[in-house]
Amino acid sequence: MIYRQTAPFPADFLWGASTSAYQVEGAWNEDGKSPSVIDMCQHAAETADFTVASDHYRRVMEDVALFAELGLKAYRFSIAWTRILPGGVGEVNPAGLAFYERLIDELNRHGIEPIVTLYHFDLPWCLEQQGGWNNRATIDAFVEYARTLFTHFGEKVRYWLTINEQNTMILHPGAIGLPEGGVMPTAKSLWQQNHHMMLAQARVMALCHHLLSAAKIGPAINTTSMYAETCKPEDAIAAHNWETLRGWNFLDVAVHGRYNSLAWRYLLDRDIAPDVAEGDAAILLQGRPDYVAINYYSTATIAASRGDASDISARAGDQQIMLGEPGVYRAAENPFVGKTQYGWVVDPVGLRLTLRKTWERYNLPILITENGIGAPDELEAGEVINDDYRIDFLRQHIAQLQLALADGVEVIGYCPWSAIDVVSTHQGYGKRYGFIYVNRGEHDLKDLKRIRKQSFGWYQQVIASNGQSL
């Protein structure tokens with residue numbers, strides 16, 4: 001669709017940026033914080049760990065001042081469960097509450113909307129030792145953790161997100177880190193975890209609506225559109241298979257309170273369907289999101305399965321993520337899109353398509369909570385970081401976002417990844433995403449100085465012009 005007139009961004013559009021607790025905060029074992037599963041995972045020795053990260057815990061006021069200078073209207077961040085409840089349940093840690101109180105108050109003082117993610121991959125290690133998400137008791141623990149946050153911060157936070165990229169945790173757990181011993185959970189175990197997360201999410205959304213009448217809450221998954229490699233009908237079926245299993249099934253449960261029928265048949269056929277207790281169906285129906293958050297980076301191109309192990313391949317640049325499944329789909333190449341140096345597809349038009357599909361399927365407002373390009377940004381003489389590639393990437397995606405608005409999609413905000421450089425989950429500090437450079441290496445912390453990149457000034461103008469100046 002080519003329009004005669006462009007659609008303006010809404011006056012209250014949430015121009016923002018994102019981070020997560022374990023990737024930005026550091027101070028991993030200070031002020032009462034206990035270890036999370038991230039802290040206990042096996043990570044490559046040659047890349048930065050998460051013990052110091054970007055030192056945001058100590059520099060929070062300085063960082064928020066930079067966010068305000070950037071002009072952010074929103075800041076999407078996660079709260080570390082282990083800072084609030086070091087035991088997973090029970091006694092609340094006052095120092096943890098105080099840190100997030102300072103952060104939230106400072107954001108509000110600068111007119112920056114706090115968008116809080118309850119859970120971003122970092123389950124308390126003490127709960128993992130008791131079975132983690134395989135243990136139904138973790139559902140109750142998550143609900144009580146959420147209750148603590150709603151009680152303490154409910155009057156100061158209007159936007160909440162439940163679980164970040166639940167589909168990544170279930171479909172690609174190795175992308176987050178290898179568990180102790182290096183043994184990955186079975187598919188059956190992962191889908192049981194998924195079911196328990198769905199129940200926890202539904203109960204937390206219902207609790208939010210009960211306690212906070214003015215708040216909005218929703219899920220945040222990594223979603224994308226799938227292209228069929230050719231016009232061959234079997235390729236179209238395979239693309240639909242993977243688009244459903246990878247994305248729609250997770251949002252269908254969150255929004256409609258029921259499993260997607262195709263996905264459920266797949267789980268039954270593979271004998272990996274979760275055990276569903278009496279009353280679970282009613283619990284899933286309790287939760288109703290006010291909006292849907294999506295993390296969009298790239299699309300995928302899919303071909304029909306050959307039915308054997310040749311369907312499986314590693315995604316370039318992300319060796320922990322295996323693509324393809326015999327009998328379901330096979331990853332294919334798309335000659336019409338670009339790629340980053342890490343092998344990620346660059347497809348701005350795919351964002352528009354994904355937004356259209358998500359809106360038509362759920363008819364809920366959409367918040368983009370991640371979108372960005374990772375690169376080994378270089379600090380040049382005069383403290384200059386020329387990241388024109390990031391400007392170009394974001395410019396193209398925002399232009400397609402504006403076309404989605406013209407298509408009639410209700411998009412309420414755009415929070416690219418990331419506000420400031422963070423530790424990439426499995427590629428350390430060699431892969432940077434931020435508008436603000438953090439002066440450190442993989443193991444050499446240097447001075448951790450904050451330096452504005454070229455993209456900082458560009459995004460500042462985008463926000464100031466409400467998207468008119470790209």
Side-chain angles (χ1 to χ4, degrees), residues 10 12 14 16 18 74-79 81 84-85 89 92 97 100-101 104 107-108 113-120 133 136-167 194-221 223 248-260 276-277 279-295 358-359 361-369 410-413 415:
D12 58 352
L14 294 172
S18 296
Y75 174 51
R76 179 247 179 166
F77 62 97
S78 72
I79 287 179
W81 188 339
I84 303 299
L85 297 168
V89 296
V92 176
L97 285 178
Y100 292 111
E101 189 101 44
I104 291 167
L107 290 170
N108 282 324
E113 193 80 53
I115 301 175
V116 175
T117 307
L118 297 173
Y119 181 75
H120 196 122
W133 284 109
R136 286 186 72 101
T138 302
I139 300 171
D140 294 330
F142 185 64
V143 173
E144 290 312 303
Y145 160 61
R147 186 189 302 274
T148 301
L149 298 187
F150 295 156
T151 300
H152 283 84
F153 305 127
E155 294 183 359
K156 301 178 179 182
V157 176
R158 295 192 301 166
Y159 290 90
W160 298 88
L161 298 167
T162 53
I163 298 174
N164 179 74
E165 292 194 1
Q166 185 172 331
N167 54 339
N194 178 72
H195 182 64
H196 292 162
M197 287 184 200
M198 290 297 187
L199 293 169
Q201 175 172 255
R203 287 180 57 188
V204 164
M205 288 193 292
L207 180 64
C208 181
H209 291 142
H210 174 69
L211 294 178
L212 310 174
S213 59
K216 299 181 185 299
I217 191 167
I221 75 161
T223 194
W248 303 138
N249 180 45
F250 294 87
L251 285 177
D252 281 0
V253 181
V255 176
H256 300 309
R258 55 169 171 73
Y259 281 89
N260 177 280
V276 178
D280 282 359
I283 292 173
L284 292 178
L285 287 170
Q286 288 180 13
R288 281 290 180 269
D290 302 293
Y291 64 103
V292 170
I294 66 171
N295 298 346
T358 305
W359 170 251
R361 192 174 184 95
Y362 303 111
N363 199 35
L364 285 172
I366 300 170
L367 175 66
I368 299 171
T369 40
E410 185 180 352
V411 185
I412 60 175
C415 296

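The basis for the numbers below is simple: all heavy atoms, side chains too, and nothing from hydrogens, waters or symmetry mates. None of the values given here were measured: they were computed from a predicted structure. Heads up: numbering here begins at 1 and tracks the sequence.
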With side chains defined as the heavy atoms from C-beta onward, is the minimum distance between Y145 and V204 less than 4.5 Å?
no

Closest non-hydrogen atoms of V292 and V255, given as atom of the first, atom of the second and distance, are CG2-CG2, 4.2 Å

For R158, I'd like to know if atom CZ has over 12 heavy atoms of other residues, nucleotides or ligands within 6.0 Å.
no

Shortest non-hydrogen contact between L364 and W359, atoms and distance
O-CE3, 3.3 Å

Begin from the C-alpha positions of I79 and F153 and carry the test side-chain contact (heavy atoms from CB on, under 4.5 Å) through to its verdict.
CA-CA 11 Å; I79 287 179; F153 305 127; 4.2 Å; yes

OH/Y100 to CG/L107 distance, rounded to the nearest 0.5 angstrom?
12.5 Å

Residue pair P114 / K156: nearest heavy atoms and the distance that separates them
CG-O, 3.9 Å

Separation of L284 CG from H256 NE2 (nearest 0.5 Å)
13.0 Å

Backbone N/O of I294 and side chain of T369: donor-acceptor pair under 3.5 Å
yes

Measuring from R258:CZ to N249:CG, what's the distance to the nearest 0.5 Å?
10.0 Å

Euclidean distance, L199 CG relative to N194 CG, rounded to 0.5 Å
9.5 Å

Only one of T117, N295, T223 passes side-chain contact (heavy atoms from CB on, under 4.5 Å) with E165; say which it is.
N295

F77 vs V116 side-chain heavy atoms within contact, under 4.5 Å:
yes

side-chain contact (heavy atoms from CB on, under 4.5 Å) for I412 and I366? Distances and angles first, verdict last.
CA-CA 6 Å; I412 60 175; I366 300 170; over 6 Å; no

Just wondering, are more than 12 heavy atoms of other shown residues or ligands nearer than 6.0 Å to CD in E101?
yes

Under a 4.5 Å cut-off applied to non-hydrogen side-chain atoms, are Q166 and P219 in contact?
no

Say whether, by atom type as modelled, one donor and one acceptor occur between the side chain of H196 and the main chain of W133 under 3.5 angstrom.
yes

Determine the interplanar angle of the Y119 and F142 rings, folded into 0 to 90°, and report it as parallel if under 30°, tilted if 30 to 60°, perpendicular if over 60°.
perpendicular

For a side-chain contact (heavy atoms from CB on, under 4.5 Å) check, start with the C-alpha distance between Y75 and I115, then their side-chain angles and the critical distance, and finish with the verdict.
CA-CA 6 Å; Y75 174 51; I115 301 175; over 6 Å; no

Does anything in residues 203-212 pair up under side chain to side chain donor-acceptor pair (under 3.5 Å), and if so which pairs, sequence neighbours excluded?
D140-R203, H209-D290

Supply the atom-to-atom distance T162 OG1 to I221 CD1, rounded to the nearest 0.5 angstrom.
10.5 Å

On a heavy-atom basis, which atom in V411 and which in P10 lie closest, and how many Å separate them?
O-CG, 4.4 Å

Which residues pass the ring pair (Phe, Tyr, Trp, His ring centres under 6.0 Å) test with W160, not counting sequence neighbours?
F150

Between G218 and M205, which heavy-atom pair has the shortest distance, and what is it?
CA-SD, 4.4 Å

When rounded to the nearest 0.5 Å, the distance separating OG1 of T151 from CD of E144 is 9.0 Å

Is any side-chain heavy atom of D252 closer than 4.5 Å to one of R361?
yes

Can L118 and I163 be said to form a side-chain contact (heavy atoms from CB on, under 4.5 Å), step by step?
CA-CA 6 Å; L118 297 173; I163 298 174; over 6 Å; no

Flag side-chain contact, heavy atom, 4.5 Å: L14 against R76
no

When you compare the side chain of Y291 with that of L161, does any pair of heavy atoms fall below 4.5 Å?
yes

How close do M198 and F250 get, heavy atom to heavy atom, and via which atoms?
CE-O, 3.4 Å

